[in-house]
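This one's a predicted model, so the numbers in the text were calculated from it and none came from an experiment.
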There are 2 protein chains.
Amino acid sequence: MPERDAERSRREILMAAEAEFAQKGFYGARVDAIARRSGRNKRMIYVYFGDKEGLWRQVISEVYRRMEEAEQSLIDLQLSGRELVRRMVYTYFDFLQANPSFVSLLSWENLDGGCRLEPLPEGKIGRQSLQFFVDALERGKAEGIFRPEIDPWHTALSMITTCFANFSNRYTLSRLFGADLCGAEMLAARKEHTARLILGCICTEGEE
Amino acid sequence: MPERDAERSRREILMAAEAEFAQKGFYGARVDAIARRSGRNKRMIYVYFGDKEGLWRQVISEVYRRMEEAEQSLIDLQLSGRELVRRMVYTYFDFLQANPSFVSLLSWENLDGGCRLEPLPEGKIGRQSLQFFVDALERGKAEGIFRPEIDPWHTALSMITTCFANFSNRYTLSRLFGADLCGAEMLAARKEHTARLILGCICTEGEE
DNA sequence: TTCACAAGTAACCGTTCGGTTACTTACATG
DNA sequence: CATGTAAGTAACCGAACGGTTACTTGTGAA
């Protein structure tokens, strides 16, 4: 193992940056802190990523990539109907639980007004998996599994936002509800409830 | 009208701080900028609010107060059953739409891990209105209007998170869905859909 | 073995920012 | 109309931060 490894340095800086940016946001994060966390010299950050904003962008696209991976693995299961909806909620929930930095980073982006957000390339997986879900809802409607009056597009949006909000507002909600929303058992209950919420709203009658 | 008015200065600094903090967050906000926006001298901020964090806390409690006002006016309507649920969603939606800084400030708080959040005093309106809603759901269950299997507590939480998420993640969602989620007509559609989502999930059968 | 170049280091720079000090001015009170 | 005090100002300070410069060291091909 060589003592000097550009690729490895780059990767370790990126990981350290993800942690620092997720914790403190773009403004709050310190380039010196990222250098320290990664065990690399600050200089290297500028060599590899240009500047602080370039590093931020790389971190964002990295966490998006992980999200797309999770989405793809769901699509590969080839599910449909109720089972698809349930697994979709589970997939999002599990991903967000396992990737708190994804939640934080996207929230930071939103608060900065999306000013560092590059437009998503057409036909990217985000859109693809969305389309996949909308199509599945449409098919379910045709088959009579889902209610005829539901709007697939709005429903898809609601599913994503509903999952996300369980994580993005833990602290203020915990305070408001006087309960810890961060624990594993609570999150499991929230996951189940969220799945029921979506299914309860779109399904015709009958068994769960 | 006196040229020197401590109360008015305090108020105007607070308003300027709300705007600055909502836009930039705690770390990103600049005390100098708040002074400039309020047309007051920076020194006065430290006289009235101690330090940057004291100012932040005052801003937070001010926007919470406005929220509690909206909640109280809903409670005063003395509604119940389906009508209450619908109006509750409307109330939250309208409030969040009219108070973007509330959304931003709470999101900033969450991202900082709630570290500047003081514990909510027992019996405060936030809890009260929550209890009011939970009780109403319980009553609806007893009356057969709402499904017997719903969990009122989780449902209340879902309602709030579902409303909130429509605002807190506009930009990344707009990008993902390739549609502007900030426009008035879109928000009206989201409001209606959100009400249907909650009602569809909790109501037994029948007409809307 | 040499040597060119990529990888890495440490010290530094100009600016910005939260917070303070020393001073000035308006106004209510007697 | 004098005067104590609350309201307001401007200039300043030390620390921190993003980014850079000048220099050193490990590595692999000739």
Side-chain angles (χ1 to χ4, degrees), chain A residues 1-60 104-105 108-109 111-113 115-116, chain B residues 1-61 104-105 108-109 111-113 115-117:
Chain A
M1 183 167 42
E3 221 167 279
R4 297 190 165 188
D5 185 337
E7 196 43 51
R8 193 173 145 221
S9 288
R10 221 191 98 98
R11 216 172 40 242
E12 289 186 7
I13 289 172
L14 206 59
M15 285 172 53
E18 183 180 324
E20 174 79 4
F21 279 138
Q23 266 178 37
K24 315 269 188 67
F26 183 76
Y27 294 119
R30 300 298 162 217
V31 177
D32 289 282
I34 293 170
R36 208 178 324 113
R37 285 171 103 129
S38 67
R40 296 304 195 280
N41 190 283
K42 182 164 65 156
R43 169 75 213 282
M44 293 292 97
I45 293 174
Y46 292 92
V47 170
Y48 293 135
F49 301 96
D51 61 3
K52 192 182 183 183
E53 195 170 317
L55 180 55
W56 172 272
R57 274 189 231 272
Q58 282 297 311
V59 168
I60 293 288
S104 297
L105 290 164
W108 291 115
E109 279 283 25
L111 281 168
D112 293 338
C115 66
R116 275 178 300 276
Chain B
M1 183 166 42
E3 219 166 281
R4 295 190 168 188
D5 185 337
E7 197 42 52
R8 195 175 143 217
S9 288
R10 221 192 99 97
R11 214 170 45 240
E12 289 187 6
I13 289 172
L14 205 58
M15 284 173 54
E18 182 180 324
E20 174 78 6
F21 280 138
Q23 267 179 37
K24 315 266 188 70
F26 183 76
Y27 294 119
R30 300 300 162 216
V31 177
D32 290 281
I34 293 170
R36 208 179 322 112
R37 285 171 102 130
S38 67
R40 295 304 194 279
N41 190 284
K42 180 164 66 157
R43 169 77 212 283
M44 293 293 96
I45 292 174
Y46 292 93
V47 169
Y48 294 134
F49 300 97
D51 59 4
K52 192 183 182 181
E53 194 170 319
L55 181 54
W56 172 272
R57 273 189 232 271
Q58 282 297 311
V59 168
I60 293 289
S61 79
S104 297
L105 289 164
W108 291 116
E109 279 283 26
L111 281 168
D112 292 339
C115 64
R116 274 179 300 276
L117 226 49

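For A/Lys42 against D/dG19, a side-chain N or O and a base N or O form a donor-acceptor pair under 3.5 Å.
Comparing A/Val31 and B/Tyr48 along DNA chain D, the residue whose closest nucleotide (by nearest heavy atom) sits nearer the 5' end is B/Tyr48.
Ranking C/dG18, D/dG18, D/dT9 by closeness to the B/Arg30 side chain, first place goes to C/dG18. With distances taken from any side-chain atom of A/Lys52 to the nucleotides C/dG19, D/dG19, D/dA7, the minimum falls on D/dG19. The side chain of A/Met44 approaches C/dG8 more closely than any other nucleotide in the set C/dG8, D/dA7, C/dT20.
Side chain of B/Arg40 to main chain of B/Arg37: no donor-acceptor pair is present (N/O by atom type, distance under 3.5 Å, no hydrogens or angles). In this structure, A/Glu20 contributes its side chain and A/Arg30 its backbone to a donor-acceptor pair below 3.5 Å. Using modelled atom types, no side-chain atom of B/Trp56 and backbone atom of B/Phe26 make a donor-acceptor pair closer than 3.5 Å.
Distances shorter than 4.0 Å separate some side-chain N or O of A/Ser9 from OP1 or OP2 on C/dG8.
Taking CD1 from B/Ile13 and OG from B/Ser38, the interatomic distance works out to 5.0 Å, rounded to the nearest 0.5 Å. The line from CG of A/Asp112 to OH of A/Tyr27 is 5.5 Å long, rounded to the nearest 0.5 Å.
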Which atoms of nucleotides 23-25 of chain D (N or O only) lie under 3.5 Å from a protein N or O atom, and what are those distances?
unit_1	atom_1	unit_2	atom_2	d
D/dT25	O2	A/Arg4	NH1	2.7
D/dT25	O2	A/Arg4	NH2	3.2

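Residues B/Phe49 and B/Arg10 meet the side-chain proximity criterion, which asks for heavy atoms closer than 4.5 Å.
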